[in-house]
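Reviewing the structure listed below.
These numbers come from the heavy atoms of this one structure, side chains and all, not from hydrogens, waters or symmetry mates.
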Amino acid sequence: MDFGLESRTRYEYRWEDYSTPGLITDDALVTRNLLYLAVKGPLDPLRLSVELQDSRRFLSDRVANPNLETGFEFLQAFAQLRFEDALARQPLSLSFGRMVFDWADRRVIARNRNRNTLSAFDGFRLRLGDENAPWEIDSIAVRPVDRNVDDLDESTDHATLVGIAGYWRGWSPHLVLEPYWLWFDQDDNRLVPIQRDLHTFGLHAFGQWAEKSAWDYDLSLAGQWGETQGQAHRAWAAHAEVGRTFSSAWKPRLALWFNYASGDQDATDGSHERFDPLFGATYAFYGYSSYFAWQNMINPTLRLSFAPAQNFRCEIMQRAFWLASDTDTWVRGLRRDRSGGSGDFIGQETDIRLVWQLCKNFDLDLAYSHFWPGGFVASTGAAPPGDFMQIAATLRF
């Protein structure tokens, strides 16, 4: 039997929060408790897994938010048939039930690290190979689970997610390739009043420039075709990163990132060009403030990370943001100028994070973010600086 426990308590404060109407200033104490149980071995090839989640929010005066609180839930509950050396000497597994997982490079499907609630899916997952194999094929046919603050979470009847991803690790550490395809079909419903029929094709590649090289890279490219709200959907997004790790006691790594996601050029032309990030992660990729996602953005970033001690990690990131289309929306900032006359510079963000592992099972995580609004923000409404701070204590077994 496998057993795991994670208990996180986090205090967070937001000043002039651009992700809310009226730029609310507010604090909150949020808790997330996860309990994982799995039976492996005695019933082989049958394996059983259950993960329980309890997510709650205190102190805050804001309306209930399923991204922060859902109460007690079955986060995962699935059965798996696993066969070792099933095909080409690789393991084969078929899972059925409720699952949470990372997929490809986590930019379109992710097990959320920072958000207080996690995205779950009901359905099937078939894997040939695993993360330790030189190659792997991972396919899914699932329905997203709607998070509900007052009742138990249920899988939606209005959306289906089907996909297949490949992983080639045979050239690691020089090159790892991850091609994927996803089809997301969603009808209008009460919780998500939008119709989508999207095909997302992507390729993720990463590695080191040479054996034991100080230089590394990470590249992602994704394109979307289909239909959104009855309009033809054509969009694309990209991520490029190059980094260098220096040979000193603190192991500093300096990296340059570039994120791009297309925006809609004309709201009246019958086509939709804004990239849809689906169920991807955002916190570490696009800013601790949570003001941004992989849509309608041009985002260069400079990141410095280092470890002053074996159990102490630090990172500093400087980000800048422009609209890819100045006539489209800054989606999480709730701002738009359809004429494009307000320009395209949203602003800059500085992120600082300190993680101190006090012992094997306990760590403290302190993060701070400061947002400097740019010309677009000043031209479309109030434009004070925005700040976000959080301190989290996490116990793991």
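The hydrophobic clustering, which links ILVMFWY residues whose side-chain heavy atoms are closer than 4.5 Å, places Val145 and Leu152 apart. Both Val50 and Leu35 belong to a common hydrophobic cluster when Ile, Leu, Val, Met, Phe, Trp and Tyr are linked at side-chain heavy-atom distances under 4.5 angstrom.
Here the closest non-hydrogen pair linking Phe184 and Ala159 is CE1-CB, 3.8 Å. Scanning all heavy atoms of the two residues, the minimum distance from Gln231 to Ala267 falls at NE2-O, 4.1 Å. Taking both residues in full, the closest heavy atoms of Phe201 and Trp181 are given as CE2-CD1, 3.2 Å, listed atom of the first, atom of the second, then distance. Between Tyr180 and Ala222, the shortest heavy-atom distance links the atoms OH-CB, 3.7 Å.
Between Arg336 and Asp328 a salt bridge is recorded (basic side-chain N to carboxylate O distance below 4.0 Å). Under the 4.0 Å criterion applied to side-chain N and carboxylate O atoms, Arg98 and Asp122 are assigned as salt-bridge partners. Using a cutoff of 4.0 Å between basic side-chain nitrogens and carboxylate oxygens, Asp365 and Arg113 are not scored as salt-bridged.
Between the side chains of Asp351 and Ser369, at least one donor-acceptor pair of N or O atoms lies under 3.5 Å. Inspection of the Arg143 and Ser155 side chains reveals no N or O donor paired with an N or O acceptor under 3.5 Å. In the model, Thr301 has a side-chain atom that pairs as donor or acceptor with a side-chain atom of Asn299 under 3.5 Å. Residues Asp337 and Thr380 have side chains that never bring a donor and an acceptor to within less than 3.5 angstrom of each other. When only modelled atom types and interatomic distance are considered, His239 and Trp257 share no side-chain donor-acceptor pair under 3.5 Å. In the model, Glu51 has no side-chain atom that pairs as donor or acceptor with a side-chain atom of Ser49 under 3.5 Å. When only modelled atom types and interatomic distance are considered, Arg47 and Gln80 share no side-chain donor-acceptor pair under 3.5 Å.
The main-chain N or O of Thr329 is found under 3.5 Å from a side-chain atom of Asn296 such that the two form a donor-acceptor pair. In terms of modelled atom types and a separation under 3.5 Å, the side chain of Gln76 and the main chain of Val100 share a donor-acceptor contact. A side-chain donor-acceptor contact under 3.5 Å links Thr117 to the backbone of Asn67. When atom types are taken as modelled, the side chain of Gln90 and the backbone of Ala133 share no donor-acceptor pair closer than 3.5 angstrom. Between the Ser139 side chain and the Leu126 main chain, a donor and an acceptor come within less than 3.5 Å of each other. Arg335 places a side-chain N or O within donor-acceptor distance of the main-chain N or O of Val377, the cut-off being under 3.5 Å.
Every pair passing ring-ring contact (aromatic ring centres under 6.0 Å, His included) that includes a residue from residues 2-33 is listed here, sequence neighbours excluded: Tyr13-Trp15, Tyr18-Tyr291, Tyr18-Trp330, Tyr18-Phe371.
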For residues 386-397, tabulate all N or O donor-acceptor pairs below 3.5 Å that involve a side-chain atom, not counting sequence neighbours.
unit_1: Asp387; atom_1: OD1; unit_2: Tyr368; atom_2: OH; d: 2.4
unit_1: Asp387; atom_1: OD1; unit_2: His370; atom_2: ND1; d: 2.6
unit_1: Gln390; atom_1: OE1; unit_2: Arg10; atom_2: NE; d: 3.4
unit_1: Gln390; atom_1: NE2; unit_2: Asn114; atom_2: OD1; d: 3.1
unit_1: Gln390; atom_1: NE2; unit_2: Tyr283; atom_2: OH; d: 3.3
unit_1: Arg396; atom_1: NE; unit_2: Glu6; atom_2: OE1; d: 3.3
unit_1: Arg396; atom_1: NH1; unit_2: Asp363; atom_2: OD2; d: 2.5

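Listed by chain and residue number, Leu175, Trp209, Leu219 satisfy the side chain to side chain contact (heavy atoms under 4.5 Å, CB included) test with Tyr217 (two or more places apart in sequence, or in another chain). Taking Phe206 as the reference, His204 meet the ring pair (Phe, Tyr, Trp, His ring centres under 6.0 Å) condition, with sequence neighbours excluded. For the salt bridge (Lys or Arg N to Asp or Glu O under 4.0 Å) test, residues two or more places apart in sequence or in another chain that qualify with Asp2 are Lys40.
Trp103 has its ring centre no less than 6.0 Å from the ring centre of Phe279.
By the 4.5 Å side-chain criterion applied to Ile, Leu, Val, Met, Phe, Trp and Tyr, Phe345 is assigned to a cluster that also includes Leu221, Trp236, Phe258, Tyr260, Ile298, Trp322.
Within the cation-pi definition used here (under 6.0 Å to the ring centroid, within 45° of the axis), Arg107 qualifies as a partner of Phe285.
Rounding to the nearest 0.5 Å gives a distance of 4.0 Å between CZ of Arg115 and CZ of Arg147.
Looking at Arg62, Arg57, Arg56 one by one, the single match for salt bridge (charged side-chain N to carboxylate O under 4.0 Å, His left out) with Glu69 turns out to be Arg57.
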